[in-house]
Amino acid sequence: MIAAAGVTSRRAAEKLILDKRVKVNGTVIDELGAKVTRADVIEVDGRPIERKSTFVYVLFNKPTGVITSVSDPQGRSTVMDFLRDVPQR
């Protein structure tokens with residue numbers, strides 16, 4: 001849910017959990033794979049996460065030479081270069 005809410009990536013969310021920075025209904029979660037429901041309150045560093053209530057799906061015909069990534073340290077063109085006007089992540 002942390003990654004789905006746009007807080008961070010899945011791998012970084014796992015690290016937050018292992019670092020005991022995540023609470024569910026006021027209880028620190030330190031085990032990966034904990035089950036939550038939409039009714040549960042999830043906090044990261046004491047701040048509740050905002051859950052996305054709607055999703056945006058984009059169909060994109062990726063041109064040759066464009067990589068499927070949010071950013072590229074090598075400076076190559078990414079799909080995000082074409083989706084700048086889409087405010088959702």
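Heavy atoms only: backbone and side chains are in, while hydrogens, waters and symmetry mates are out. We count residues from 1, following the sequence as given. Since we're looking at a predicted model, the values are computed, not measured.
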Contacts of Pro73 meeting side-chain contact (heavy atoms from CB on, under 4.5 Å) (sequence neighbours excluded), chain-then-number -> none

Asp30 meets the side-chain contact (heavy atoms from CB on, under 4.5 Å) criterion, sequence neighbours left out, with Lys20

Under a side-chain separation threshold of 4.5 Å, the hydrophobic residues clustered together with Val22 are Met1, Ile2, Val7, Leu16, Ile17, Leu18, Val24, Ile29, Leu32, Val36, Ile42, Val44, Ile49

What one should report as the nearest heavy-atom pair of Arg10 and Ala3 is CG-CB, 3.6 Å

Distance col, row Asn25:CG vs Lys23:NZ, nearest 0.5 angstrom, shows 11.5 Å

dist Arg21:CZ -> Lys15:NZ (nearest 0.5 Å) comes out at 7.5 Å

Residues pairing under salt bridge (Lys or Arg N to Asp or Glu O under 4.0 Å) where one sits in residues 58-75, two or more places apart or in two chains, turn out to be Asp72-Arg76

Residues at least two apart in sequence or cross-chain that pass side chain to side chain donor-acceptor pair (under 3.5 Å) with Ser71, listed by chain then number, are none

Sorted by chain and number, sequence neighbours left out, side chain to side chain donor-acceptor pair (under 3.5 Å) with Asn61 holds for none

